[in-house]
Amino acid sequence: MLKLLKNKFLWLPIIVALFIGAYFSITAIPSTHVKVNDLPIAIVNEDRGVTGENLAKQITETTSSSNSSAMSIKWTVFDSEKKLLKDMNREKYYGAIVIPKDFSEKLQSLTAPNAQKAELKIIINQGMGTTVTTQVNTALTQMTTQLNNKLSTNLLQNVANRSTSIPATMALNLSNPLTIKKRKG
């Protein structure tokens with residue numbers, strides 16, 4: 001046993017393995033707490049209704065002014081998804097939120113019998129690297145979830161102010177007015 005412990009060829013692979021493990025651990029630490037400044041993200045507003053315009057304005061203003069998060073966003077507004085995808089292929093943007101043409105119309109239909117949920121799309125540019133795109137995916141998902149909750153509250157209050165009772169199916173639609181679709185670009 002003593003002879004085995006004195007054998008330097010036995011200890012050499014163990015020391016090398018520990019050194020390599022420590023090296024990779026130390027080099028990975030800074031990448032887990034990256035603060036990204038002026039991250040280029042786009043918003044596409046294909047909806048010409050007032051709701052779509054207000055929504056695009058609200059998203060770009062509230063997230064541009066908040067400096068407390070781990071990333072600051074530099075928004076670029078597009079009027080078509082086709083133009084956005086061309087720039088995303090050139091790796092100009094990490095992600096985008098797309099407001100479709102029928103957004104306002106579908107949102108207003110939620111109080112009618114033939115209700116259809118409004119849709120928002122999140123597009124993540126996978127060609128830009130996994131660390132930052134994962135943060136972008138999380139941020140855009142949180143943004144759209146908060147937006148869904150805010151719209152739900154506003155819609156329910158508006159309907160409640162106009163009538164004394166809300167049918168169950170309408171209440172269900174109003175409690176979750178958006179469908180969020182994610183796609184990798």
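What you see below is based on every heavy atom in this structure, not just the backbone, and it leaves out hydrogens, waters and symmetry mates. Note that the coordinates shown come from a computational prediction; the quantities given were computed from them, not determined experimentally.
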Worksheet entry | Non-hydrogen atoms of Tyr93 and Asn125 that approach each other most closely | O-ND2, 3.0 Å
Practice prompt. Output yes when a side-chain donor or acceptor of Asn148 lies under 3.5 Å from a complementary backbone atom of Thr144, and no otherwise.
Written response: no
Worksheet item: Among the clusters formed by ILVMFWY side chains lying less than 4.5 Å apart, do Met128 and Ile73 turn up in the same one?
Response: yes
Fill in: Stepwise side chain to side chain contact (heavy atoms under 4.5 Å, CB included) test for Leu140 and Lys182
CA-CA 10 Å; Leu140 294 180; Lys182 290 185 183 181; over 6 Å; no
Worksheet entry | Test log, rule side chain to side chain contact (heavy atoms under 4.5 Å, CB included), inputs Phe78 and Val98 | CA-CA 9 Å; Phe78 285 86; Val98 179; over 6 Å; no
Worksheet item: Same hydrophobic cluster for Ile180 and Leu172, using side-chain heavy-atom links shorter than 4.5 Å among ILVMFWY?
Response: no
Practice prompt. Let me know which of Lys83, Lys82, Met88, Arg90 forms a side chain to side chain contact (heavy atoms under 4.5 Å, CB included) with Lys86.
Written response: Arg90
Item to complete: Work out which heavy atom in Gly52 is nearest to a heavy atom in Ser104; give both atom names and the distance.
Response: N-OG, 3.4 Å
Worksheet item: Salt bridge check: are Glu46 and Lys121 linked by an N-O gap of less than 4.0 Å?
Response: no
Worksheet entry | Closest approach of Pro177 to Leu110 (non-hydrogen atoms, all atoms of both residues) | CB-CD1, 3.4 Å
Worksheet entry | Closest non-hydrogen atom pair between Ala115 and Asn173, with its separation | CB-ND2, 3.5 Å
Item to complete: Considering non-hydrogen atoms only, spot the tightest contact between Leu84 and Ala42 and give its length.
Response: CD1-CB, 3.4 Å
Practice prompt. Please lay out, stage by stage, how Leu55 and Asn45 fare under the test side chain to side chain contact (heavy atoms under 4.5 Å, CB included).
Written response: CA-CA 9 Å; Leu55 182 64; Asn45 184 15; over 6 Å; no
Item to complete: Look at the side-chain heavy atoms of Ile, Leu, Val, Met, Phe, Trp and Tyr, link any pair under 4.5 Å apart, and say whether Leu147 and Ile97 land in one connected group.
Response: yes
Discussion item. Using the rule that Ile, Leu, Val, Met, Phe, Trp and Tyr join whenever any side-chain heavy atoms are under 4.5 Å apart, tell me whether Ile123 and Tyr94 fall into a single cluster.
Written reply: no
Practice prompt. State whether Lys181 and Glu119 are salt-bridged, where the test is any N-O pair (Lys NZ or Arg NE/NH1/NH2 against Asp/Glu carboxylate O) under 4.0 Å.
Written response: yes
Fill in: Test item: Leu174 and Thr111 side chains (from C-beta on) under 4.5 Å apart, heavy atoms
yes
Discussion item. Side-chain heavy atoms nearer than 4.5 Å, only ILVMFWY residues, links allowed to pass through others: does that put Ile59 and Leu107 together?
Written reply: yes
Worksheet item: Quick one: does Asp47's side chain have a donor or acceptor within less than 3.5 Å of a partner on Ile99's backbone?
Response: no
Response to the item:
In terms of heavy-atom contacts, Glu53 and Arg48 come closest through OE2-O, 3.7 Å
Worksheet item: Do the side-chain N and O atoms of Lys184 and Thr133 include a donor-acceptor pair separated by under 3.5 angstrom?
Response: no
